[in-house]
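The structure appears below as structure tokens.
These numbers come from a predicted model, not from an experiment. Computed from heavy atoms alone, side chains included, the values below leave out hydrogens, waters and symmetry copies.
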Amino acid sequence: MSFYYIFQDGRIVLKKDGSIPLKEELPRWLTEALENSGYLDKNEKEGDRWGELPPGRALPEGYAAMERRGCWTAVGEEQFFRIGKAFHLMDWQRLHKFCGRCGARNSFDPNEGAMKCAACGELFYPVISPAVIVSVEKEGKILLGHGVNFPAGRYSVLAGFVEPGESIEECVAREIYEESKIRVKNIKYFASQPWPFPRSLMLGLTAEWESGEISPDKTEVSDVRWFAPDEIPDYYRGVSISARLIEDFIRRHTKY
């Protein structure tokens with residue numbers, strides 16, 4: 001049994017019952033219409049595949065395209081991350097059709113798992129962008145911010161991308177200070193999670209307040225506050241590591 005992860009306009013194509021189609025279930029005309037396709041797992045040519053359908057192409061009856069962020073409720077956590085992996089590979093190949101060194105056409109090299117230039121031989125491997133996401137605590141409260149693009153009333157732990165030449169710890173200190181003007185200490189690893197929107201690897205960490213008074217940067221976050229466990233505002237309760245960090249804080253600071 002092999003699945004076919006098909007994307008259209010960044011959305012995942014699912015059956016109307018919310019399941020991922022099997023390869024043998026898809027009509028031939030649909031697979032022939034794909035702009036690009038490939039194998040999901042290296043060295044498993046009979047396994048799951050991914051494909052990209054052109055925008056505007058009609059879907060077969062009984063199929064619909066769904067936003068990837070919300071599909072976990074239909075497909076479950078395991079398949080949510082399989083969909084993410086498939087999208088990551090599709091997006092990478094779509095953006096690396098041509099060599100950035102000489103401009104010639106690239107093709108996928110299955111032995112290297114990379115896009116290879118036909119002219120100069122340059123290899124382009126899948127791009128992964130590391131980002132930190134941090135639960136900062138002070139006297140039994142957690143630091144949460146309202147992102148400028150969040151729905152009204154929604155907060156989350158602070159996060160940001162690792163810059164060239166930075167260690168993970170340096171990135172944590174810089175990002176927290178840039179967004180809140182808080183200095184932190186005792187930075188510790190919590191967990192990691194692939195987050196293919198479109199190509200991030202989220203590195204979850206915890207830290208403690210060291211000094212400073214909150215002053216939101218107003219560019220990435222419009223508001224930053226300290227919240228006690230019984231004051232936690234609305235937050236994204238999906239399969240994201242941000243929810244795991246917040247819920248871990250609540251669990252550790254709640255008396256039963």
> Does the pair Glu247 and Tyr235 meet the rule for a side-chain hydrogen bond (donor to acceptor under 3.5 Å, both in side chains), with working shown?
Replying inline: CA-CA 10 Å; Glu247 288 159 7; Tyr235 64 93; 3.0 Å; yes
Any idea how [X] and [Y] line up, ring-wise: parallel (<30°), tilted (30 to 60°), or perpendicular (>60°)?
X      : Y      : answer
Phe80  : Phe197 : tilted
Phe3   : Tyr5   : tilted
Phe227 : Tyr155 : perpendicular

Counting N and O atoms only, with roles assigned by atom type, does the side chain of [X] sit under 3.5 Å from a partner on the main chain of [Y], one being a donor and the other an acceptor?
X      : Y      : answer
Arg199 : Asp91  : no
Gln193 : Val239 : yes
Ser2   : Arg49  : no
Glu166 : Glu163 : yes
Asp109 : Met115 : no
Asp9   : Arg11  : no
Asp234 : Gly153 : no
Gln8   : Pro54  : yes
Thr254 : Ile250 : yes
Asp248 : Arg252 : no

Can you confirm whether [X] sits close enough to [Y] that some side-chain heavy atom of one is under 4.5 Å from a side-chain heavy atom of the other?
X      : Y      : value
Val136 : Leu158 : no
Ile182 : Ile176 : yes
Val134 : Val184 : no
Pro21  : Ile6   : no
Phe150 : Ser222 : no
Trp50  : Gln93  : yes
Tyr4   : Leu34  : yes
Glu112 : Tyr125 : yes

Honestly curious: do [X] and [Y] fall in one hydrophobic cluster under the side-chain, below-4.5 Å linking rule?
X      : Y      : result
Ile83  : Trp92  : yes
Phe190 : Val157 : yes
Leu14  : Phe81  : yes
Met202 : Ile142 : yes
Leu201 : Val162 : yes

Quick one: closest heavy-atom pair of [X] and [Y], and the distance?
X      : Y      : value
Ala33  : Arg57  : CB-NH1, 3.3 Å
Gly100 : Phe124 : N-CZ, 3.4 Å
Cys171 : Gly160 : SG-O, 4.1 Å
Ala207 : Ile187 : CB-CG1, 4.1 Å
Glu178 : Asp217 : O-CB, 3.2 Å
Phe249 : Gly140 : CZ-O, 3.4 Å

How many angstroms lie between [atom1] in [X] and [atom2] in [Y], if you round to the nearest 0.5 Å?
X      : Y      : atom1 : atom2 : result
Lys23  : Thr31  : NZ    : OG1   : 10.5 Å
Ile241 : Ser192 : CD1   : OG    : 6.5 Å
Arg94  : His96  : CZ    : NE2   : 11.0 Å
Glu231 : Lys141 : CD    : NZ    : 5.0 Å
Ile133 : Trp195 : CD1   : CH2   : 9.0 Å
Arg174 : Glu179 : CZ    : CD    : 9.0 Å

Would you indicate whether [X], at its atom [atom1], is surrounded by more than 12 heavy atoms from other residues, nucleotides or ligands within a distance under 6.0 Å?
X      : atom1 : value
Glu24  : CD    : yes
Lys188 : NZ    : no
Asp230 : CG    : yes
Arg154 : CZ    : yes
Lys116 : NZ    : no

>> Would Asp48 and Tyr39 count as a side chain to side chain contact (heavy atoms under 4.5 Å, CB included) here? Give the steps.
In response: CA-CA 6 Å; Asp48 299 338; Tyr39 301 104; over 6 Å; no
>> The test is side chain to side chain contact (heavy atoms under 4.5 Å, CB included); show your working for Asp41 and Arg82 and say whether it passes.
In response: CA-CA 10 Å; Asp41 301 299; Arg82 292 287 285 174; 2.8 Å; yes
> Quick one: does NZ or CZ of Lys181 land under 6.0 Å from the six-membered ring centre of Tyr177, within 45 degrees of the ring axis?
Replying inline: yes
> If you measure from the Lys or Arg side-chain nitrogens to the Asp or Glu carboxylate oxygens, is any gap between Lys15 and Glu25 under 4.0 Å?
Replying inline: yes
> Hey, is Glu32 close enough to Arg28 for a salt bridge, meaning N to O under 4.0 Å?
Replying inline: yes
> How far apart are the C-alpha atoms of Phe98 and Arg105, what are their side-chain angles, what is the distance that settles it, and do they pass the side chain to side chain contact (heavy atoms under 4.5 Å, CB included) test?
Replying inline: CA-CA 5 Å; Phe98 298 95; Arg105 188 87 183 187; 3.3 Å; yes
>> side chain to side chain contact (heavy atoms under 4.5 Å, CB included), that's the test. Do Leu40 and Lys85 meet it? Break it down for me.
In response: CA-CA 7 Å; Leu40 187 58; Lys85 179 179 179 180; 3.8 Å; yes
